[in-house]
Structure formats: structure tokens, C-alpha cells
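Report on one structure; see the data block that follows.
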There are 2 protein chains.
Amino acid sequence: MRNVLETPEGLAERLAHSGLRPTEQRKVVYGVLLKNRNHPTADEVFAHIRSEMPSAAVSMATVYNCLETLVQCNLVRQVNFERGPTRYCPNLRPHAHFHDEATDTIHDIELPAGLLEQLHSILPPGHQANSVEIIFRGKSGPSS
Amino acid sequence: MRNVLETPEGLAERLAHSGLRPTEQRKVVYGVLLKNRNHPTADEVFAHIRSEMPSAAVSMATVYNCLETLVQCNLVRQVNFERGPTRYCPNLRPHAHFHDEATDTIHDIELPAGLLEQLHSILPPGHQANSVEIIFRGKSGPSS
DNA sequence: AATTATCTTGGAATGATTCTAATCCTCACT
DNA sequence: AGTGAGGATTAGAATCATTCCAAGATAATT
Ligand SMILES: [Mn+2]
Ligand SMILES: [Mn+2]
Ligand SMILES: [Zn+2]
Ligand SMILES: [Zn+2]
């Protein structure tokens, strides 16, 4: 069963932990990320809110602010490909990203146990990495 | 001993292979990358030329054009961190990048034999990756 | 020499993101 | 209920790396 994290319920608690308020806009933005696991851009989050929830009043500036807040609270990770617009991912487990160039879509690749440790072990002495990012680029079959 | 690639001599041949001319500007830009293995940005390449080789006439637009050409010829790789300016790397061997956050410097990490194959093996069936990018972020000791 | 294709260049345009300054809310306290 | 202090949202301006464009060199071909 999934942690309380990666659910709308976890949001208020995490925000409170940082002395921040669970505003309507923050809930809406986080909700969009949880429901659309497509690694959307800020623009895409904004467009989605405009079309699917026209009653929610959220400006572009606020989408950026909310996304930034969620990142600070460690509820969301930023993902960058080349110089494209930043994408946002609510999957908190360590994972790699696969960028399908044919469809220009991105999806998560779970990491087998021990892989991160093994990657760290290739570092020369004296290197202390606090994060590793793995990005595959290619074509993922029809069944994924 | 290093291949003819990663030397100034390889440039003319590679350019010719694409029907391109070995112009002064292309030689200068490639030379800067070969001599400064710092993963410089376009701006830094430009500034370096201006200060160290004032006689060479190279504009900013041309720095961008030359770098793009070198990338197309597979003589240079682009490297991106977050949304920072694109950096350029003339190391053609497969390697990972280590971003030292303390000094904001980047350096290459050689990959042990078999690691790339192993990484590809974690992909679910149907996935065909034609490149993998590995980026460490952290602090590298005083001796590196 | 004329023609053609390739290159370089200054400056304008682009586009994602950040900044700014004003307004709006929420809540605690009188 | 009324007030004040932070916190939050917002429109629009500013930033900045990069790309685009149109004009002027340069070099290769006829
Ligand atoms: Mn990236
Ligand atoms: Mn990147
Ligand atoms: Zn992800
Ligand atoms: Zn490199």
C-alpha cells in the first residue's frame, strides 16, 4: 500500500511542517500532478487546470509558486531534459527516467535494489554524492 | 594513446566528412574545448577567446554556430544541469558527470566496463535506449 | 570574372522562468 | 466587529540563454 505521501492527504501535513498554508491553489496543483503521472510542465499544469477545473482560480505565476513550494517540501521532484521546460514528478521513490523520443513522452523506470549503491561505488575516492540522476533516451515499445 | 579524435587534427577530417569547411572559427572553438576540459558554457568559450586570443575574430553567434556544428559532427557532447546554460564536453568516451555543488565545477567520471550494459538491462521489455545519461551531484574531496 | 554555396555576424525575436509591487486572505488580538 | 501582521496570489515587467534573420564576407566551381 502506498504511503500517505503521494496522496492529497499528505499535503497539508507537509506544508504545516514548513509553516505553510494548505491553500486551494496548492491543493489543486498537487492534485493535478498526482492524477497525471505524465511529468507535466508548468504550462501543462496550468492548461489542465484551466480546461478541467475552470472554477479553480489559479494564475500562471501561482502555478510556478506552488510547484516551487511542493519541491521545497520534498513532495515533488523537478526533471529536466536538455534545455526543455522543467517537468514535475510526484513519484518520491528513487527512479530513473525514460524519454521516448518517438512520442516525446517520459516515464519512470524503477531501480532494482542495490543499483544506486553500485553507482555510488564507481566514484573515485573523496567523492560524496548526495543524488544521482539517470536518464535514458530512446524508443519504448508499443506495450508501454 | 588517445585516438586521432579529441585532437585538433581530427577536426578537418570530421568536418569534411559532413561537407563542411574547417574554418578558423571552428578550429578556435574546438581548440578551446580540447584545452579546457572544464565543460565550459558558450559564454565561457566566447570570453576565453576574447581574452586569450584577441586576434581571433569570433562573434557570440558564431560560437553558438560552431558548437552546434561540433555536436552534429559528434566531436562534442552537450551537457545540461537543471536549467543552467548548456555546457560542452569533448570527451567522446562514455562517461558520467559529477557536479560539485561546493565549487560549481563539473568533471568526468569514467565508467567501469559493463556498467552501461547493466543499466540497459534494468529497462522493462520493449524499451530500446540509444543513450543513457548519468549525473551525480555532491561534493568531491580536496584531492580532485 | 561570374555564379553559387557556405560562413559569419549584429541585432531582433523567443520562451521559460523569475522578479516586483500591488492586492487579497487569514488569523490572532483587542 | 475592527485592526494589523504575515502569508499568498497575481499581472505584468524583466531576465537571460538561445535561436532566428537578413545582410555582408569567403571560398569553391564554372
Ligand atoms: Mn537534465
Ligand atoms: Mn539535464
Ligand atoms: Zn518521475
Ligand atoms: Zn564530460
Side-chain angles (χ1 to χ4, degrees), chain A residues 11-12 14-32 39-50 53-73 75-88 104 106, chain B residues 11-12 14-32 39-50 53-73 75-88 104 106:
Chain A
L11 176 61
R14 273 302 184 82
L15 287 171
H17 183 272
S18 297
L20 301 173
R21 298 175 187 162
T23 65
E24 200 52 38
Q25 288 88 346
R26 286 171 180 162
K27 290 186 215 167
V28 167
V29 168
Y30 187 47
V32 169
H39 302 79
T41 64
D43 252 354
E44 289 165 351
V45 170
F46 180 68
H48 185 87
I49 294 172
R50 276 290 144 100
M53 339 169 47
S55 62
V58 184
S59 72
M60 191 68 226
T62 298
V63 170
Y64 274 107
N65 287 340
C66 291
L67 290 170
E68 171 66 13
T69 297
L70 295 173
V71 169
Q72 296 307 339
C73 292
L75 284 167
V76 167
R77 287 206 290 159
Q78 293 183 305
V79 182
N80 291 285
F81 294 121
E82 265 99 70
R83 296 253 329 149
T86 298
R87 298 179 167 278
Y88 295 87
D104 197 34
I106 289 147
Chain B
L11 175 61
R14 274 301 184 84
L15 287 171
H17 183 271
S18 299
L20 300 174
R21 298 173 187 160
T23 65
E24 199 53 38
Q25 288 86 347
R26 287 170 179 162
K27 291 187 217 168
V28 167
V29 168
Y30 188 47
V32 169
H39 303 79
T41 64
D43 250 354
E44 288 165 352
V45 171
F46 181 67
H48 185 88
I49 295 172
R50 275 290 145 98
M53 341 169 46
S55 62
V58 184
S59 72
M60 191 68 224
T62 297
V63 169
Y64 273 108
N65 288 339
C66 292
L67 289 170
E68 171 66 14
T69 297
L70 295 172
V71 169
Q72 297 307 340
C73 293
L75 285 166
V76 167
R77 288 206 290 159
Q78 293 183 303
V79 182
N80 292 286
F81 294 122
E82 264 101 70
R83 299 251 330 148
T86 298
R87 299 180 166 278
Y88 296 87
D104 196 33
I106 288 146

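Just so we're on the same page: letters track the sequence lines, and every chain starts at 1. What you are looking at is a predicted structure, and each value in this text was computed from that prediction instead of being measured.
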*Would one find a side-chain N or O of A:T86 under 4.0 angstrom from OP1 or OP2 of C:dT17?*
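It does, given that an N or O in the side chain of A:T86 lies less than 4.0 Å from OP1 or OP2 of C:dT17.
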request  = Look at B:S59 and C:dT9 and indicate whether a side-chain polar atom (N or O) is within less than 4.0 Å of OP1 or OP2.
outcome  =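 Affirmative; the distance criterion is met.
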Of all the nucleotides listed ([options]), which has the minimum atom distance to the side chain of [X]?
| X | options | value |
| --- | --- | --- |
| A:C66 | D:dA27, D:dT10, D:dT9 | D:dT9 |
| A:R21 | D:dT9, D:dG7, C:dC7 | D:dG7 |
| A:N65 | D:dT10, C:dT9, C:dA5 | D:dT10 |
| A:Y64 | C:dT9, D:dT18, C:dT17 | C:dT17 |
| B:P85 | D:dT9, C:dG10, D:dA17 | D:dA17 |
| A:Q25 | C:dT9, C:dT8, D:dT9 | D:dT9 |
| B:V58 | C:dC7, C:dT9, D:dA8 | C:dT9 |

Measure the distance from [atom1] on [X] to [atom2] on [N] and round it to the nearest whole Å.
| X | N | atom1 | atom2 | answer |
| --- | --- | --- | --- | --- |
| A:Y30 | D:dA8 | OH | C1' | 20 Å |
| B:Q72 | C:dC7 | CD | C1' | 16 Å |
| B:R50 | C:dT9 | CZ | C1' | 11 Å |
| B:R83 | C:dG15 | CZ | C1' | 9 Å |
| A:L67 | D:dT9 | CG | P | 12 Å |
| B:Q78 | D:dA17 | CD | C1' | 13 Å |
| B:K27 | C:dT8 | NZ | P | 12 Å |
| B:D43 | D:dT19 | CG | P | 13 Å |

Specify the closest pair of heavy atoms between [X] and [Y], including all atoms of both residues, with the distance to one decimal.
| X | Y | result |
| --- | --- | --- |
| B:H39 | B:V79 | CD2-CG2, 4.3 Å |
| A:L11 | A:R26 | CD2-O, 3.8 Å |
| A:R21 | A:L15 | O-CD1, 3.7 Å |
| A:V58 | A:F46 | O-CE1, 3.3 Å |

task: Just call it for B:T23: base, sugar-phosphate, or nothing, with non-hydrogen atoms closer than 4.0 Å on any strand.
output: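 The answer is sugar-phosphate, as B:T23 gets under 4.0 Å only of primed atoms, P, OP1 or OP2.
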With a non-hydrogen cut-off below 4.0 angstrom, is B:T41 in contact with a base, only sugar-phosphate, or nothing?
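Contact class for B:T41: none.
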Q. B:A42 or A:L20: which one's nearest nucleotide on DNA chain D is closer to the 5' end?
A.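 Its nucleotide being nearer the 5' end, the pick is A:L20.
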**Item:** pair A:Y88-A:Q78: side-chain heavy atoms closer than 4.5 Å
**Value:**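 Yes, close enough: below the 4.5 Å cut-off.
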